Amino acid sequence: MTRVMKFGGGCLRDSRSIAQACAIISAQRRAVVVVSAIHGVTERLLAAIEQAKRHERNIPPILAALATRHLAVIDELCPGGPAKKRLQVAIAAQLAQVERLLTGIAWHRDLTPAVRARLLSYGERLAARLLAGVLECLETRSAALDAHRAGICTDGNYENASIDRDRTRRVLRAKVAPLLRRGIIPVIPGFFGRGPGGAVTLLGRNGSDYSAAAVAYALGAERLEVWKDVDGFMSADPSRVPTARRLERLSFAEAAELSYFGARILHPRTVEPLAGTRTRIFVRNLEDPAGAGSEITASGPNRAVDVAGIAANRRLAVIRIHGAGIGSKPGLLAGVSSLLAGAGINIHSVLTSQTCINLLLDPADARRSLRKMKAAVNGVIKRIELEERLALVGVVGERIMEKEGIYARIFTAVAREKINVEMAAAGASSVACYFLVRSPDLDRAVRAIHDEFFP
Ligand code: ASP
Ligand code: MG
């Protein structure tokens, strides 16, 4: 049986947590490991890019901080000897490449998307070297691969790439299977892959879960274990709803929708490469390895409660495009979406009526979108406004569309709290409905629905 084990940045923080991950890995006979960058390292690389753009003299302290972070783990976990030395040299070699890239950026005071993607991939490259090296030092045979060479193949988009799962399968199997046969545990960096022309392409923030799923698909793994710093999926965010409970089981679609609407535990695309397979995904807590976690399967459980969970997202902006007859103007939506797509802006959702089109966006993209759209305004559009005080509630469950009365219960629960629903959509997914409320009402809305279904 092959299992793929993914360790997230949230649980690779320091030598203690890395030692814990290594203990879990070493107990396996046949495993492939996928890692994220050590906690906070991707953020640091992002900041490094900005600092390097400003001045070359900013680079040495950045490198020193990255080195300390990784070398301290080696010092604390590895007994002296040639394996330790080799690991220190490997980490230094990676850091030298980071330095070259940063120097290039400082020199140009500018950077291309290709260089940016390559630089940001070093968090995962360093983590994979580090983990494989520590395993070796602790006498578990292991080898770090490059995601490039390991064969994670993408469509070529630099920061929001999609994985080509079948090409990945062809290439990755050939690279990884021989290692497994020799009893070596491969460690693959997540978060990036190789585009058609060979460039480094990133899978979007927190994309390592998605990488791990592609690896699981490629190897026909029975299990994908996603190790995190939380117990598993919850019926709601426990910081909002103290009575939230762990979900023992959920379906691929439920996990995808909960993640899409704001549960930050798993990357929303994780289940995608596993569509049509029987791979089971387990979300486990590194701090409590004996805990049951959550199990995600294609069809999910037979659940007594109709709702699996409630997700909430405060980080949301809505752009409203007003105009008479705007909802029946052919091509208008196509124009808006291609305008934004051209600027690399993702539209989360669209709600239209005869007089208004509402676009749900990341707040980070909203102002830029507004500017682009105002510049392109034509006769039909009367007014465009940005609304930043709305928040989204997503209610997810395999049966919510199938069974009568569930919607009524959701909205009655919200109305009882005297909360106004600003916009709502249902039916876009057969397992989810979502609606918007004013941000200050968000927590109360989530609690009201939770109390209704999980009394
Ligand atoms: N390190 C990357 C990020 O922070 C990818 C990941 O964490 O999965 O977005
Ligand atoms: Mg991360």
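When a ligand or atom number is given, it counts from 1 through the structure's own listing order. The figures that follow rest on heavy atoms only: side chains count, while hydrogens, waters and symmetry mates do not. Numbering starts at 1 and runs along the sequence shown. Predicted, not measured: the structure shown is a model, and the values here were computed from it.
Contacts with ligand 1 closer than 4.0 Å are made by side-chain heavy atoms of Ser36 only, the backbone lying farther away. At a heavy-atom distance under 4.0 Å, only side-chain atoms of Thr42, from C-beta outward, approach ligand 1.
Distance check: Arg444 CZ to Arg438 CZ gives 13.0 Å after rounding to the nearest 0.5 Å. The OH atom of Tyr217 lies 12.0 Å from the CD1 atom of Ile163; values are rounded to the nearest 0.5 Å.
Listed by first and then second residue, the ring pair (Phe, Tyr, Trp, His ring centres under 6.0 Å) pairs involving residues 257-278 are Tyr210-His267, Tyr260-His348, Phe261-Tyr434 (not counting sequence neighbours). Note on residues 67-126: no pairs pass ring pair (Phe, Tyr, Trp, His ring centres under 6.0 Å), not counting sequence neighbours.
Here's the thing with Ser208: one of its N/O atoms is less than 3.5 angstrom from an N/O atom of ligand 1. Backbone and side-chain nitrogen or oxygen atoms of Asn206 are examined, and one is located within less than 3.5 angstrom of a nitrogen or oxygen of ligand 1.
Ligand 1 has Glu124 within reach: a non-hydrogen atom of the residue lies less than 4.0 Å from it. Ligand 1 is never approached by Gly190 to a heavy-atom distance shorter than 4.0 Å.
With respect to the salt-bridge test (charged N to carboxylate O, under 4.0 angstrom), the residues Arg165 and Glu272 do not qualify.
Residues Met234 and Arg245 form no side-chain contact, since every pair of their non-hydrogen atoms from C-beta on lies 4.5 Å or further apart.
Considering only non-hydrogen atoms, atom 3 (C) of ligand 1 lies nearest to Arg205 out of Glu43, His39, Arg205.
If you number the atoms of ligand 1 from 1 as listed, the ones under 4.0 Å from a heavy atom of Gly207 come out as 5 (C), 6 (C), 8 (O).
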